[in-house]
2 protein chains.
Amino acid sequence: MVEESSRIAGPGLRADARRNRGRILVAARAVFAEHGIDAPIATVARRAGVGVATLYRRFPTRDALVRAAFAQQMETCARALTEALADPDPWRGFQRLVETACELQREEQGFSAAFVAAFPDSTVEHAQARERAERDLMTLVRRAQAAGALRADFHPSDLAVALLSHCGLVTALPRDSAAPRRLVAYLLQSFRAEAAHGALPPPSALSLRGLPLAADSSQRQRPSRA
Amino acid sequence: MVEESSRIAGPGLRADARRNRGRILVAARAVFAEHGIDAPIATVARRAGVGVATLYRRFPTRDALVRAAFAQQMETCARALTEALADPDPWRGFQRLVETACELQREEQGFSAAFVAAFPDSTVEHAQARERAERDLMTLVRRAQAAGALRADFHPSDLAVALLSHCGLVTALPRDSAAPRRLVAYLLQSFRAEAAHGALPPPSALSLRGLPLAADSSQRQRPSRA
DNA sequence: GTCCAAACGGACGGTGCCGTCCGTTTAAGA
DNA sequence: TCTTAAACGGACGGCACCGTCCGTTTGGAC
């Protein structure tokens with residue numbers, strides 16, 4: 001059995017190293033929330049009371065830092081999916097999953113940015129975890145549709161539509177804006193079966209790979225420079 | 001009467017200067033679309049076949065460049081608002097405004113980024129143009145509600161919710177994704193009066209200032225560094 | 001053709017961030 | 001206590017971008 005604290009702070013590290021690792025992650029979340037996901041690495045190090053070299057030794061790339069910093073949120077997402085499936089009411093399960101994921105995005109400001117950044121690409125690590133998550137999502141959707149609660153033309157990728165558009169709002173607006181909640185409410189209402197009036201444009205071929213619901217996902221360089 | 005071409009390319013400029021100004025704007029749209037709104041100024045200059053100094057002389061700040069580059073789209077937005085008001089069918093007018101604005105965001109990639117960047121802040125220039133746009137928006141919304149087509153709890157700021165969330169999708173996903181269209185369809189359906197089922201969370205106190213529908217808006221530094 | 005103000009563009013100094021290198025400190029086992 | 005590998009952190013070279021300066025070119029008026 002692996003020791004408890006090492007699961008969180010990192011295994012096989014010297015006591016001081018483990019302590020610093022923890023400080024770095026706390027600082028990273030704070031700095032990312034305040035200055036965005038692209039804040040200078042040195043700022044995180046300073047905030048953590050640590051030299052840059054120490055930070056780089058533990059997290060060789062920005063990517064690794066971001067992923068580690070938001071690992072907890074990723075796990076919460078994954079847990080929410082499991083709980084959603086366990087809900088006896090199919091619609092309520094679906095609804096709660098959407099709401100929980102969006103709430104996480106709102107709570108930890110940087111998480112949203114990490115979310116979009118991570119979005120469509122993915123590495124192969126933990127492939128089986130992601131596959132299971134994708135299967136679970138499909139099940140959740142199918143089940144809610146079979147119950148006549150979720151509209152029949154809802155496509156699993158519409159979950160990504162909801163989460164990414166919510167992300168956009170969270171990123172664009174100040175922390176306490178009411179707008180993101182409004183968006184979620186509007187979307188959930190139009191996802192209901194009885195809201196289906198006109199036909200929808202065809203869904204994206206896009207898969208769900210990279211959604212943090214799988215408790216692991218990789219980062220992506222978005223708007224590339226020069 | 002002002003000469004025609006000078007209205008587009010800039011008045012009172014020497015022939016070569018006017019030509020370069022046009023090239024710069026074309027290049028800027030291309031570069032912003034390809035590399036994002038934060039692409040190096042020098043890249044735009046190179047693409048335009050022009051020295052950096054020339055670019056800086058015409059557009060002293062990145063802001064000025066972005067605004068000039070997307071001025072046409074801004075005007076199209078403003079025109080769409082006027083046309084929406086002119087539509088005898090209140091709902092169709094409303095719907096078309098949303099669709100037109102979103103389509104513009106999709107067409108010119110960089111415009112979305114400019115849109116969010118510009119969002120809540122605004123300078124006072126052309127204050128009367130913006131005020132008129134805000135009044136028109138209110139009228140459009142009220143009229144659609146009075147006709148029983150738009151749900152009664154729709155708040156004018158929900159227009160910003162729609163446009164900004166759509167922006168998020170356009171920015172996060174590759175150009176040809178179907179997701180943004182799906183989002184618009186879902187939102188428009190839930191904006192219909194008959195879609196109103198549960199209560200919505202309270203709307204934002206946020207005004208519409210800065211929406212490009214006013215044909216002028218200023219830029220904003222988003223996630224601040226350091 | 002002449003002239004000059006306007007326009008041009010390459011070059012350059014300044015700044016901020018990256019990621020590594022290396023001499024110093026320290027945890028922890030013998 | 002002694003030893004040593006692990007961890008530390010400041011400093012540094014490299015790089016990309018910014019925005020200006022200034023010597024050169026050119027449009028267009030006379």
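By convention in this document, chain letters (A, B, ...) are assigned in the order of the sequence lines, proteins followed by strands, and residues within each chain are numbered from 1. This is a predicted model, so every value here is computed, not measured.
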Next item on the list: Would you mind building the protein contact string for nucleotides 5-11 of chain D? One character per nucleotide, 5' to 3', B for base within reach (heavy atoms under 4.0 Å), S for sugar-phosphate only, - for untouched.
Entry: BBSBBBB
Checklist line | Residues in side chain to side chain contact (heavy atoms under 4.5 Å, CB included) contact with A:Thr100, at least two apart in sequence or another chain | finding: A:Ala80
Next item on the list: Provide, to the nearest angstrom, the distance between the OH atom belonging to A:Tyr56 and the P atom belonging to C:dT20.
Entry: 8 Å
Check: With a 4.5 Å limit on heavy-atom distance, are the side chains of A:Phe191 and A:Gln95 in contact?
Finding: no
Next item on the list: Grab the CZ-P distance between A:Phe59 and C:dT20 for me, whole Å please.
Entry: 16 Å
Next item on the list: Quickly work out the B:Ile24 CD1 to C:dA7 P distance and round it to whole Å.
Entry: 12 Å
Next item on the list: Measure from CZ on A:Arg19 to P on C:dA27 and round the result to the nearest Å.
Entry: 7 Å
Item checked: Rounded distance in Å - CD1 (A:Ile41) to P (C:dG16) -> 18 Å
Checklist line | Integer-rounded Å distance: D:dA16 C1' and B:Arg62 CZ | finding: 13 Å
Checklist line | Among A:Val26, A:Val31, A:Leu25, the one residue meeting side-chain contact (heavy atoms from CB on, under 4.5 Å) with A:Val44 | finding: A:Val31
Check: Would you call the rings of A:Phe154 and B:Tyr186 parallel, tilted or perpendicular if under 30° counts as parallel and over 60° as perpendicular?
Finding: tilted
Notebook entry, point to check: Is a side-chain donor-acceptor pair under 3.5 Å present for B:Arg182 with A:His155?
Noted result: no
Next item on the list: Can you tell me the distance, in whole Å, between the CG atom of A:Asp38 and the C1' atom of C:dG16?
Entry: 14 Å
Notebook entry, point to check: If every non-hydrogen atom of A:Ser177 is compared with every non-hydrogen atom of A:Pro180, which pair is closest and at what distance?
Noted result: O-CD, 3.5 Å
